[in-house]
Amino acid sequence: MKNNLHQEFIKIFNKEADNAYFSPGRVNLIGEHIDYNGGLVMPCAITFGTYLLTSPNEDGIFRFRSLNFSEQQDIPLQLHYEKTGENWFNFPIGVINRFVKDGHPLKGLDMLFYGDIPIGSGLSSSASIEVVTSYALNDLFNSGYDKLDLVKLSKDVENNFIGVNCGIMDQFAVAFGEKNKALMLNCDTLDYQAVDSNLGDYVLAIINTNKPRKLAESKYNERVQECQAALIALQQQLDIKYLCEIDSATFEQYKHLITDPVVLKRAKHVIEENDRVKLAATALAANDVAEFGKLMYASHDSLRDLYEVSGVELDTVAEYSKTNPDVAGARMTGAGFGGCAIALVKGDAFDKFSKEVTEYYTQKIGYAPSVYSSLIGDGVGELVSELN
C-alpha cells in the first residue's frame with residue numbers, strides 16, 4: 001500500500017502530491033509508569049508510522065483524506081476550530097488550530113494520510129499523526145518552530161483539543177527518534193541521551209494482544225494517586241519532589257515510612273524500574289543484548305507483581321518468550337491491561353517465533369494476537385524519493 005501512495009493521491013485529488021512526510025510510531029523499551037514520577041524512560045521510534053502527502057490548493061480549504069478510514073472532511077481556513085466527534089481528522093485539525101492560534105498564516109492544503117501502525121495498540125498512532133502534521137505545516141509554511149516546539153505543540157493538542165491526559169514521551173520519541181538508537185529521556189526536564197542500540201542479529205517483535213484496553217485509563221489514574229501517597233510518606237524524612245530522585249538502596253532505608261502495603265509495592269516498582277533504565281542504557285551501549293533481555297523480563301515481572309498493570313494476555317506473551325531460546329527478553333509495553341508486548345527475537349527465527357507465540361497465545365486466550373517485526377527507526381522527516 002505505502003508504495004502506491006502517490007498514485008492514490010492522484011486518484012483522490014486529480015493532481016500530483018508536492019511533498020511527502022513520515023512520522024513513526026514508538027515503543028517504550030523499558031521504564032514503564034515512571035514518567036509521572038520524575039524518572040527515566042527509554043522509548044525508540046519504530047519502522048511503522050504515518051505517511052502524509054500534501055499539495056497546496058487555491059480554494060483556502062483543508063481537505064483531509066485517509067487510506068485507513070472512510071470518513072473525510074473539508075474545512076475552510078478559519079480563526080478557530082473545534083473537535084467534532086471521535087473522527088481521526090480531529091488530530092490534524094487540532095494541530096492546525098494551534099498554528100492558527102499562534103498567529104501563523106496558513107493556506108489551503110490537500111492532505112492524504114496513510115498509517116501502518118495498528119490502531120489502538122498502544123504504539124502511539126495519535127502522536128504519530130499529530131507530529132507528522134505539525135512537522136509538515138511547519139515545513140510548508142515556514143512557521144519557525146524547532147523540533148522541541150513541535151513536540152510540545154503536539155502534546156498540547158492531545159491534552160487540550162483531543163482531551164487525552166498523556167505525558168510527553170510519545171510525541172518526543174516519534175519526533176527525536178534515531179535509527180538504531182534508544183532515547184533515555186527524563187520526562188520532567190526533557191534532557192535526553194541517544195543510546196546506541198544496535199540489536200545485531202535481533203529484531204524487535206511487537207505482539208499486539210488484540211485486547212481492548214478498557215481499564216487502562218482508570219487504573220492509570222489510580223496508580224498516579226498511589227505514587228503520590230508514597231511520595232508524601234517518604235517526604236516525612238526526605239527532601240524530594242519525585243519518587244525517582246532516590247535509588248533502590250535509599251528506598252530500602254526509608255520504606256518503613258510507607259505503611260500501606262499496596263502503596264509500598266507501587267513505590268518499589270517505580271524506584272527499581274528507574275534503576276533498571278540506567279542499567280539498560282549501559283547494557284545497550286555495550287551491545288549486551290542478553291543483559292538487556294534480562295532487564296526486560298525483570299521489568300515485566302515487576303509490572304505484573306508490584307504495579308499490577310499487566311494481565312493474562314500480556315503475561316502469556318512473556319511466559320511463552322521465556323521458553324524460546326531465540327528470544328533474549330520480553331515485556332509488556334505501555335499503560336498495560338492489553339495493548340502490546342515486545343520481545344527481542346533473533347531475526348532468522350522471527351517467522352518461527354511468530355507462528356509459535358500465536359499458537360500458544362490462541363490456545364490459552366481463545367483468539368490470536370498480531371505479531372509484527374520492526375527495527376529501531378528514525379523520527380519524523382520529509383520523504384524525498386522513497387515513495388516516487
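The first residue of the sequence shown is numbered 1, and numbering continues consecutively from there.
- Taking Ile, Leu, Val, Met, Phe, Trp and Tyr as hydrophobic and joining them when side-chain heavy atoms fall under 4.5 Å apart, one finds Ile61 isolated, its cluster having no other members.
- Every residue meeting the side chain to side chain contact (heavy atoms under 4.5 Å, CB included) condition with Ile12, not counting sequence neighbours, appears here in chain and number order: Arg65, Leu67, Leu112.
- Residues in residues 320-348 take part in these salt bridge (charged side-chain N to carboxylate O under 4.0 Å, His left out) pairs, two or more places apart or across chains: Glu32-Arg331, Glu273-Arg331, Asp301-Lys322.
- Sorted by first then second residue, the side chain to side chain donor-acceptor pair (under 3.5 Å) pairs that include residues 176-185, not counting sequence neighbours, are Lys181-Asp196.
- In terms of the salt bridge (Lys or Arg N to Asp or Glu O under 4.0 Å) criterion, residue partners of Asp102 (sequence neighbours excluded) are, by chain and number, Arg98.
- Hydrophobic clustering, defined by side-chain heavy atoms of Ile, Leu, Val, Met, Phe, Trp and Tyr closer than 4.5 Å, groups Val317 together with Val203, Ile207, Tyr297, Val312, Tyr320, Val327, Val345, Phe350, Phe353, Val357, Tyr360, Tyr361, Ile365, Tyr367, Val371, Leu375.
- Listed by first then second residue, pairs satisfying salt bridge (charged side-chain N to carboxylate O under 4.0 Å, His left out) with a partner in residues 138-151 number zero, not counting sequence neighbours.
- Under the salt bridge (charged side-chain N to carboxylate O under 4.0 Å, His left out) criterion, the residue pairs touching residues 49-59 are Asp59-Arg63, with sequence neighbours excluded.
- Of all the heavy atoms in Ile258 and Ala230, the pair that sits closest is CD1-CB, 4.0 Å.
- Legend: residues meeting side-chain hydrogen bond (donor to acceptor under 3.5 Å, both in side chains) with Thr250, ordered by chain and number and at least two apart, are Asp247.
- Partners of Asp305 under the salt bridge (Lys or Arg N to Asp or Glu O under 4.0 Å) rule, at least two apart in sequence or in another chain, do not exist in this structure.
- Taking Asp288 as the reference, nothing meets the side-chain hydrogen bond (donor to acceptor under 3.5 Å, both in side chains) condition, with sequence neighbours excluded.
- Among residues two or more places apart in sequence or in another chain, the side-chain hydrogen bond (donor to acceptor under 3.5 Å, both in side chains) test is passed with Asn287 by none.
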Should Tyr254 and Gln237 be marked as a side chain to side chain contact (heavy atoms under 4.5 Å, CB included) after you check the CA-CA gap, both sets of side-chain angles, and the distance that decides it?
CA-CA 8 Å; Tyr254 290 96; Gln237 290 185 26; 3.5 Å; yes

